[in-house]
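Okay, so here's the structure we're looking at.
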Amino acid sequence: MDAETLYDTVVDALRTVLHEEGHTPRPRLARRMLGGTVVFLDSEGREVKTVPVEALFKKVTAVREKLRLVEQKANGAKGLDAVTRGEIQAYLTKAYGSLTTFNFLFRDDADRFRGSGG
């Protein structure tokens, strides 16, 4: 077993254990994106901003964590009726669905965003 395969095996095992113990492991960036760059161009092809992929990935995963916190708060709020809770859940599902654009950044399928379809 080569070093990369061994590393992936150990990381996957650790992720499984953490998940089973109730901890949410940090998602991993797809290998092909490591060291990459996102370049924003205006309508005339001029570069407006360049961002390391790792920075974009960190921001996208931070948005997801904030959405999860909102979801937990909504589900645990005693003052919300079922209709309001359902509406909030529908908005969150749509937000997750909008973020599916960024699924190519994630190494593992289990970490990818899912909207109303999954």
Side-chain angles (χ1 to χ4, degrees):
M1 183 179 304
D2 64 23
E4 188 174 326
T5 303
L6 178 60
Y7 174 80
D8 287 340
T9 301
V10 170
V11 168
D12 289 341
L14 183 58
R15 286 171 62 96
T16 300
V17 169
L18 288 172
H19 180 71
E20 289 174 358
E21 293 299 316
H23 302 283
T24 305
R26 297 185 73 116
R28 294 186 7 185
L29 183 63
R31 279 194 194 104
R32 67 188 178 127
M33 302 308 296
L34 291 170
T37 304
V38 178
V39 179
F40 291 92
L41 305 174
D42 67 13
S43 60
E44 296 177 7
R46 292 181 300 230
E47 186 176 313
V48 177
K49 185 167 183 123
T50 301
V51 180
V53 170
E54 288 87 351
L56 177 66
F57 185 70
K58 185 176 179 181
K59 291 187 184 296
V60 167
T61 56
V63 167
R64 175 172 56 198
E65 291 309 312
K66 303 296 187 281
L67 287 172
R68 286 180 177 168
L69 289 174
V70 170
E71 188 172 20
Q72 288 173 357
K73 293 276 188 184
N75 288 336
K78 294 181 176 128
L80 290 179
D81 59 60
V83 172
T84 304
R85 187 172 282 118
E87 288 173 348
I88 292 171
Q89 186 62 47
Y91 289 131
L92 290 167
T93 299
K94 289 177 183 178
Y96 287 130
S98 296
L99 291 168
T100 59
T101 299
F102 299 103
N103 278 345
F104 69 93
L105 294 170
F106 292 91
R107 182 187 146 222
D108 300 316
D109 289 343
D111 292 326
R112 293 183 174 173
F113 291 102
R114 286 176 282 293
S116 59

Co-membership, hydrophobic cluster, residues [X] and [Y], 4.5 Å side-chain:
X: V39; Y: L29; answer: no
X: F104; Y: F106; answer: yes
X: V63; Y: Y91; answer: no
X: F57; Y: V51; answer: yes
X: L56; Y: L34; answer: yes

Which heavy atom in [X] sits nearest to a heavy atom in [Y], and how many Å separate them?
X: L105; Y: M33; result: CD2-CE, 4.0 Å
X: E47; Y: L41; result: CA-CD2, 3.7 Å
X: P27; Y: R64; result: CG-NH2, 3.2 Å
X: V53; Y: T37; result: CG2-N, 3.4 Å
X: T61; Y: K58; result: OG1-O, 3.0 Å
X: A74; Y: L80; result: O-CD1, 3.5 Å

State whether a side-chain donor-acceptor pair under 3.5 Å links T100 with N103. no
Exam field: side chain D81 to backbone V83, donor-acceptor pair closer than 3.5 Å: yes
R85 side chain vs A77 backbone, donor-acceptor pair below 3.5 Å: yes
Under the side-chain contact (heavy atoms from CB on, under 4.5 Å) criterion, do F113 and T101 qualify, and how do the steps go? CA-CA 9 Å; F113 291 102; T101 299; over 6 Å; no
For the pair E71 and R68, find out whether any cationic side-chain nitrogen is under 4.0 Å from an anionic carboxylate oxygen. no
Just how far is it from atom CZ of R107 to atom CZ of R112, taken to the nearest 0.5 Å? 11.0 Å
